[in-house]
Amino acid sequence: MDIAQNSISAGASCITVDVCEDAALDRLTIRIVDNGRGMTAEQVARVIDPFFTTRTTRKVGLGIPLFKMEAEMTGGGLRIDSEPGKGTTVTAEFVPSHVDFIPLGDINETILLLITCNTDRDFVFHHRIDDREFTLDTRELRGILGEEVELNVPDVVAWMRDFLKEQTESIKGEKI
């Protein structure tokens, strides 16, 4: 959530959250891609320091350092690719079987919260488990619903919640 919030603060109009689980490789990869203002190479090198932040509302930034620490605790790692004016990609890789792996939590509700609290942005959520996957793209929803319907209208929120639940159960191989 915090990493996606960084993208919003960086002026991104579209944020992609990609969650890929690969049982054969024992890997969980989380990638957040945005089209925000991006960072210089110096900023990328410093962003893992909790006492460095590009935000003006506070003097510390713990999201990236904690994300990096959690990935490394499991034997994984974190990579940041960014270019000023083009956006940023943050990729964290985890080893789910590692004793220090912290469960992912309710990613569907996190995505839903991001969408409904930031209706002026677009989000693409892609979730893959082995060879099964699904995508929720708010640009497609806006195309179907029309510009006059906001994505935080209760009926739309209920539909997105149901869609995310059904699709997640489907890719996990659970009975719907």
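These values consider heavy atoms only, across backbone and side chains, with no hydrogens, waters or symmetry-generated copies.
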Please report the closest heavy-atom contact between Met39 and Gln43, naming both atoms and the distance. CA-OE1, 3.3 Å
Shortest non-hydrogen contact from Thr88 to Ser82? OG1-OG, 2.7 Å
So how far is it from Leu114 CG to Glu109 CD, rounded to the nearest 0.5 Å? 11.5 Å
What are the two closest heavy atoms between Ile15 and Ala4, and how far apart are they? CD1-O, 4.2 Å
Thr168 versus Phe134: any side-chain heavy-atom pair under 4.5 Å? yes
Does Arg128 have any salt bridge (Lys or Arg N to Asp or Glu O under 4.0 Å) partners at least two apart in sequence or in another chain, and if so, which? none
Would you call the rings of Phe67 and Phe94 parallel, tilted or perpendicular, taking 30° and 60° as the class edges? tilted
side-chain contact (heavy atoms from CB on, under 4.5 Å), that's the test. Do Leu145 and Leu151 meet it? Break it down for me. CA-CA 9 Å; Leu145 296 171; Leu151 296 179; 3.9 Å; yes
Smallest heavy-atom separation, Val17 atom then Ile32 atom, equals CG2-CG1, 4.5 Å
side-chain contact (heavy atoms from CB on, under 4.5 Å) involving Val95 - partner list, sequence neighbours excluded: Asp26, Arg27, Thr74, Ser97, His98
For Asn118 and Arg121, indicate whether the former's side chain and the latter's backbone hold a donor-acceptor pair under 3.5 Å. no
Grouping I, L, V, M, F, W and Y whenever their side-chain heavy atoms are under 4.5 Å apart, do Val124 and Val156 come out in a common cluster? no
Enter the distance from Asn152:CG to Leu113:CG here, rounded to the nearest 0.5 Å. 11.5 Å
Should Ile115 and Leu141 count as side-chain neighbours, where that means a heavy-atom distance under 4.5 Å? no
Side-chain heavy-atom pair Trp159, Val153 within 4.5 angstrom cut-off: no
Got Asp34 and Asn6 here, is their nearest side-chain heavy-atom distance under 4.5 Å? no
Among Gln167, His127, His126, the one residue meeting side chain to side chain donor-acceptor pair (under 3.5 Å) with Glu133: His126
Do Leu136 and Val149 land in one hydrophobic cluster if side-chain heavy atoms of ILVMFWY residues count as linked below 4.5 Å? yes
Nearest 0.5 angstrom please: Asp2 CG to Leu66 CG, how far? 8.5 Å
Treating Ile, Leu, Val, Met, Phe, Trp and Tyr as nodes and any side-chain heavy-atom pair under 4.5 angstrom as an edge, say whether Leu28 and Ile111 lie in one connected cluster. yes
Joint cluster assignment, Leu25 & Phe101, ILVMFWY side-chain distance < 4.5 Å: no
Could you tell me if Asp122 and Thr138 have a donor-acceptor pair between their side chains, going purely by distance under 3.5 Å? yes
Within this structure, what is the CZ-CD1 distance for the pair Arg31 and Ile3, rounded to the nearest 0.5 Å? 14.5 Å
Heavy-atom closest pair, residues Ile171 and Arg132: O-NE, 2.6 Å
May I ask you to check whether Ser13 and Asn35 show a side-chain donor-acceptor distance below 3.5 Å? yes
Met160 and Leu112 have their tightest heavy-atom pair at CB-CD1, 3.6 Å
Within this structure, what is the CD-NZ distance for the pair Glu72 and Lys68, rounded to the nearest 0.5 Å? 3.5 Å
Return the CG to CD distance between Asp120 and Glu150, rounded to the nearest 0.5 Å. 9.0 Å
Donor-acceptor contact present, side-chain Ser170 to main-chain Glu166, <3.5 Å: no
